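Right, one structure below, let's go through it.
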Amino acid sequence: MIHIRQLHKSYHTESLSLHVLKGINLDIEAGEYVSVTGASGSGKSTLLNILGILDSYDQGDYHLNGSLIKNLSEKEAAVYRNEMIGFVFQSFNLINFKNALENVALPLYYKKVSRKKRNIIAMEHLDKMGLRDWSKHLPSELSGGQKQRVAIARAMIANPKVILADEPTGALDSTTTLEVMDVLTNLNREGITTIIVTHEQSVSDATNRIIHLKDGMIEYETRKNNGVHATIQPVNF
Ligand code: ADP
Ligand code: MG
């Protein structure tokens with residue numbers, strides 16, 4: 001599903017350039033349940049944004065579902081993104097003046113689905129998240145866990161093949177964290193390739209494979225075997 005070779009990314013400001021990703025090699029197959037962990041500043045969000053075609057890279061190759069994701073126009077990037085990717089953010093990124101149903105339905109508005117049809121589909125997704133009774137509520141009237149479940153419903157509404165979540169539990173308490181992780185785990189069981197950036201061990205432990213980033217490189221990874229994570233050294237290509 002995801003194949004990355006020798007990926008490099010730098011950020012440039014007026015005076016200096018910062019080499020953030022330094023030769024990432026990563027293969028993630030369809031249906032995998034993966035977390036990316038590492039210290040703050042290690043490049044986790046940068047990597048996830050590149051995977052989600054929200055950001056570009058300088059060197060290397062990124063293939064997503066067989067397509068080379070490189071030098072795309074904004075329009076081409078949006079097409080791949082809409083077809084393939086659902087994004088979930090730490091801060092939910094809901095629209096404050098729209099209710100839960102409208103927030104979930106929004107991606108279908110951009111796909112020019114009729115209001116009636118998109119509201120029906122959005123309600124199905126809210127229902128799946130246990131939020132049918134909250135459809136008319138504004139984000140400000142929802143708890144953190146409810147807001148994140150609305151955001152996950154919105155990410156799922158266009159039937160993406162991959163869910164990318166950047167610190168999805170970073171703003172939640174431990175009980176709500178478990179609740180949101182249950183939702184993500186269930187989506188993965190239904191076959192969605194799921195990739196979660198986190199620095200919380202309770203979150204990475206829930207996934208089947210943990211990529212440990214350090215200073216823009218994959219230091220090592222662990223894979224779950226009979227419920228326990230075992231270390232695998234990075235392969236050099
Ligand atoms: P993480 O998510 O692991 O905390 P990030 O990928 O967000 O790390 O950031 C990696 C490094 O790149 C950090 O030093 C951060 O300050 C820097 N950085 C991130 N985004 C930008 C940007 N848009 N412009 C300049 N520097 C950035
Ligand atoms: Mg980050």
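One-based numbering, in listed order, for ligands and for the atoms of each. If you read the sequence from its start, that first residue is 1, and numbering goes on from there. Remember, predicted model here, so these are calculated numbers, not experimental data.
The shortest non-hydrogen separation linking G144 to L172 is C-CD2, 3.5 Å. Closest heavy-atom contact between T176 and G145: CG2-CA, 3.1 Å.
Applying the side-chain hydrogen bond (donor to acceptor under 3.5 Å, both in side chains) rule to pairs touching residues 109-120 yields nothing, sequence neighbours excluded. Applying the side-chain hydrogen bond (donor to acceptor under 3.5 Å, both in side chains) definition to pairs two or more places apart or across chains, those involving residues 186-197 are K128-E190.
If you run side-chain contact (heavy atoms from CB on, under 4.5 Å) between I53 and each of V79, N82, L164, L72, only L72 comes through.
With hydrogens and angles disregarded, no donor-acceptor distance shorter than 3.5 Å links the side chain of E221 to the backbone of R209. K44 contributes a side-chain N or O that, together with a main-chain N or O of A39, makes up a donor-acceptor pair within less than 3.5 Å. Checked by atom type and distance alone, the side chain of Y62 pairs as donor or acceptor with a backbone atom of L51 at under 3.5 Å.
Looking at N65 and S67, their side chains never bring a donor and an acceptor atom within 3.5 Å of each other.
Near ligand 1, Y11, L18, V20, A39, S40, G41, S42, G43, K44, S45, T46 each place a heavy atom less than 4.0 angstrom from the ligand.
Around the Mg ion (ligand 2), the protein contributes the following N, O or S atoms at distances under 2.8 Å: S45 OG.
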